[in-house]
Amino acid sequence: MSTPFPFTAVVGQDDLRLALLLNAVSPAVGGVLVRGEKGTAKSTAVRALSALMPALDAVTGCRFSCDPASPDPACPDGPHEPGAYETRPARMVELPVGASEDRLVGALDIERALAEGVKAFEPGLLADAHRGILYVDEVNLLHDHLVDLLLDAAAMGASYVEREGVSVRHAARFLLVGTMNPEEGELRPQLLDRFGLTVEVAASREPDQRVEVVRRRLAHDDDPEAFAARWADEEAAVRGRIAAARELLPSVRLGDAALRQIAATCAAFEVDGMRADIVMARTATALAAWAGRTDVLAEDVRQAALLALPHRRRRNPFDAPGLDEDKLDETLEEFGGSDDEDPDPGPQGPEGGPDDGPEGGPDGGGGLPPQSGDTAHDTAGDATVPPQGDGAGPDTGRSGEGDAQPQPGGPGAGEQSPVRAAEPFRTKTLSVPGIGEGAAGRRSRARTEHGRTTGARRPRGALTKLHLAATVHAAAPHQRARGRSGPGLVVRRDDLRQAVREGREGNLVLFVVDASGSMAARQRMGAVKGAVLSLLLDAYQRRDKVGLVTFRGSAADVALPPTSSVDAAAVRLESLPTGGRTPLAAGLLRAHDVLRVERLRDPARRALVVVVTDGRATGGPEPVGTAGRAARLFAAEGVASVVVDCESGPVRLGLAGELAAQLGGTAVTLDELRADSIAGLVKNVQGTSRRAA
């Protein structure tokens, strides 16, 4: 077994370390979501936390880690006799993004359950993580059905496994820790709210700190055991401080003044529901215990707000998480007050622990981050709330990288400044015809593991969803030959039937946006960008991948390759300038190349091409004929498409409608795209005449 990187040797990342330590002190805080760019020690810090968790007592031989002091009465391995127990380290269980449902919740042998009435249950990862840590790397890429199971277990503290009326239940209370790169897409709001705390991490821009990161990483890789031995004293000190804080936690007093500040802060920032208030209260209490105090102070409330509120303030995927610290300070000051008793600072303040490592100073790797909100953000390696417009990437909601993209056509192509997008609106549903087999989502019909049952078939591999009626029907004719004598049904493996289910899949929605000078006429580009933002929001809600191709001047540009990050697409769209000719054929051909490459990467995911244009073609030789031939490539391959007609004014040429016909798709106007529009819109984006054919 490899030696993990010591937690106290992690350089910087004060908020990350503090959030993890607070959950180690009080698991009731509710876990941590770590957001940040790749290569910022997210996974390293999380994996190192398990070595600091206090050991726990578990019933000997119990696969579900029952507490001997209060064993689960419904434990599948129970009932447990008092007395026999073992002390072992807390487990950290990793949930792979591509895990199956049975791997997460456990597998139930349906054949034995039907034939013998025996509940033969093999525990899953939720059972292994009970009373420990469940870690999900790239949690934003987790399949929806696994997210649903996590939500259920986190809400009820138990996991239920059901197969056609046969049910097994076991306790599943765990510390949920997730890491994610926002460039790959955002989390569902329901799962986002289940994380008690969230932190933003970024690589330090200070050369000295980066040098120290590299030095420690190389030293660990060269000799992991020797490196771990160097930090053994610091690890032991932090482990002891966690144990002391746990003992002190029940004695911490959360006074009325602190409660008023917590409630006022949540109300001032308009967070939904009451979970934020509860999480802030638990976090502030854990902060006081960590600092060795028995009273919660205003600085604890402030730090708790910075950790618990940013991810609960997002209203749509285009909002950057963050908190206005000036507003926070004003709220705390307005509703501040004192309780009847003076707070007891306790024997140990924020600096009472081993803050300095062998090298000394704040970067010495002591592993004990500062307690006050003012100093928790001083290190260059920590960026919990990055400022808007700093070019820090998609996390900030204003990517400097998007602004630096070279635009086709160049300065001499009549380029105009980018215009702001109009307010997004709810769009009507666009879907791909037929039945697919792509990744689970919410757009088009597909054969999936979840959904309504439409038939039965023989299982291919392990049986996951039993079709009971079809199984009984297959086994019934053979009962006499199999010597059935009792009431039970004699079932063989060949009799089992897998349920065929139909649900919804996510698609690749590829936007092909006309950014030429004709689109800027009559200031239409603001409305066009608003329409595309609306479709992007719809794609986010339906779990689609999105891509963005723009064309203007003399060429087309892949502004954003296919990705799950719709907010990255919104950033690129916002900075999109307009001007120049209309190379429609170049845009279509570039989109065709993008689809070709994406089919090789993910052949099961079907595509929906959304062309946003007025239909004009003025760039290159024979622009109209070339554009028509490019469009017919999509029709020949059966690619679903829709043309959003942006033409306006009293005289309309109807060119967008002609382009839609050549694509084999449907044309809709901006007004028809609205869900509340009176004008009809066929949900299936390929026309009725094409479907009939």
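Counting heavy atoms from C-beta outward, Leu150 and Leu134 have side chains that approach closer than 4.5 Å. Counting heavy atoms from C-beta outward, Asn140 and Glu138 have side chains that approach closer than 4.5 Å. Within the 4.5 Å cutoff, the side chain of His170 has no heavy atoms near those of the His130 side chain. Residues Leu197 and Val279 are in side-chain contact: their nearest non-hydrogen atoms beyond the backbone lie under 4.5 Å apart. Between Val32 and Thr179, every side-chain heavy-atom pair lies at or beyond the 4.5 Å cut-off. Side-chain contact between Arg217 and Phe5 is present, with at least one heavy-atom pair separated by less than 4.5 Å. Side chains of Leu309 and Cys266 form a contact here, defined as non-hydrogen atoms less than 4.5 Å apart. Within the 4.5 Å cutoff, the side chain of Arg216 has heavy atoms near those of the Phe227 side chain.
In terms of heavy atoms, Leu508 sits closest to Pro562 at CD1-CB, 3.8 Å. Of all non-hydrogen atoms in Ala202 and Thr40, the two that sit nearest each other are C-CG2, 3.7 Å. Asp300 approaches Ala284 most closely through the heavy-atom pair CB-O, 3.8 Å. Looking at every heavy atom in both residues, Leu560 comes nearest to Ser565 through CD2-O, 4.2 Å. Contact detail for Pro54 and Arg246: the closest heavy-atom pair is CG-NH1, 3.7 Å. Of all heavy-atom pairs spanning Arg47 and Glu94, the tightest one is NE-OE2, 2.8 Å.
Looking at Ser444, its side chain does come within 3.5 Å of a backbone N or O of Val432 through a donor-acceptor pair. For Asp72 (side chain) and Ala74 (main-chain N/O), a donor-acceptor pair under 3.5 Å exists by modelled atom type. Side-chain atoms of Arg442 never come within 3.5 Å of backbone atoms of Arg504 as a donor-acceptor pair (strictly under, hydrogens ignored). In this structure, Arg103 contributes its side chain and Leu95 its backbone to no donor-acceptor pair below 3.5 Å. Formation of a donor-acceptor pair under 3.5 Å by the His220 side chain with backbone atoms of Thr3 is found in this model. In this structure, the side chain of Asp544 engages the main chain of Asn507 through a donor-acceptor pair within 3.5 Å. Under the 3.5 Å distance criterion, the side-chain polar atoms of Arg543 are left unmatched by any main-chain donor or acceptor of Arg443. Between the side chain of Ser159 and the backbone N or O of Ala153, no donor-acceptor pair lies under 3.5 Å. Looking only at distances, a side-chain donor or acceptor of Arg241 sits under 3.5 Å from a matching main-chain atom of Trp290. Looking at Arg497, its side chain never comes within 3.5 Å of a backbone N or O of Gly455 through a donor-acceptor pair.
Under the side-chain hydrogen bond (donor to acceptor under 3.5 Å, both in side chains) criterion, Glu437 pairs with Arg447, not counting sequence neighbours. A search for salt bridge (Lys or Arg N to Asp or Glu O under 4.0 Å) contacts involving Arg88 returns nothing, not counting sequence neighbours.
In this structure, Asp193 pairs ionically with Arg312, as a charged nitrogen and a carboxylate oxygen lie closer than 4.0 Å. Salt bridge status for Glu598 with Arg605: absent, with no side-chain N to carboxylate O gap under 4.0 Å. Between Lys42 and Asp137 no salt bridge is recorded (no basic side-chain N to carboxylate O distance below 4.0 Å). Salt-bridge check for Asp223 with Arg230: failed, with every basic side-chain N at 4.0 Å or more from each acidic carboxylate O.
Atom CG of Leu21 sits about 13.0 Å away from atom OG of Ser26, to the nearest 0.5 Å. Between the OG1 atom of Thr44 and the CG atom of Leu49 there is a distance of 13.0 Å, given to the nearest 0.5 Å. Considering CE of Met92 and CG of Leu175, their distance stands at 10.5 Å, rounded to 0.5 Å. With rounding to the nearest 0.5 angstrom, the CZ atom of Arg63 is 4.0 Å from the CG atom of Asp77. Distance check, rounded to the nearest 0.5 Å: CZ of Arg173 to OG of Ser65 gives 11.0 Å. Tyr135 contributes atom OH, which lies 11.5 Å from atom CG of Leu176 (distance to the nearest 0.5 angstrom).
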Please lay out, stage by stage, how Leu22 and Leu307 fare under the test side chain to side chain contact (heavy atoms under 4.5 Å, CB included).
CA-CA 11 Å; Leu22 292 177; Leu307 294 173; 4.0 Å; yes
Go through Leu287 and Leu18 one step at a time and tell me if the side chain to side chain contact (heavy atoms under 4.5 Å, CB included) criterion holds.
CA-CA 9 Å; Leu287 279 162; Leu18 177 60; 4.1 Å; yes
So Val509 and Asp538, side chain to side chain contact (heavy atoms under 4.5 Å, CB included) or not? Walk me through it.
CA-CA 10 Å; Val509 182; Asp538 180 69; over 6 Å; no
Between Asp128 and Leu125, does the side chain to side chain contact (heavy atoms under 4.5 Å, CB included) criterion hold? Intermediate values first, please.
CA-CA 5 Å; Asp128 293 340; Leu125 296 177; 4.2 Å; yes
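Counting non-hydrogen atoms of other residues, nucleotides and ligands closer than 6.0 Å to OH of Tyr85 gives a total of 12 or fewer.
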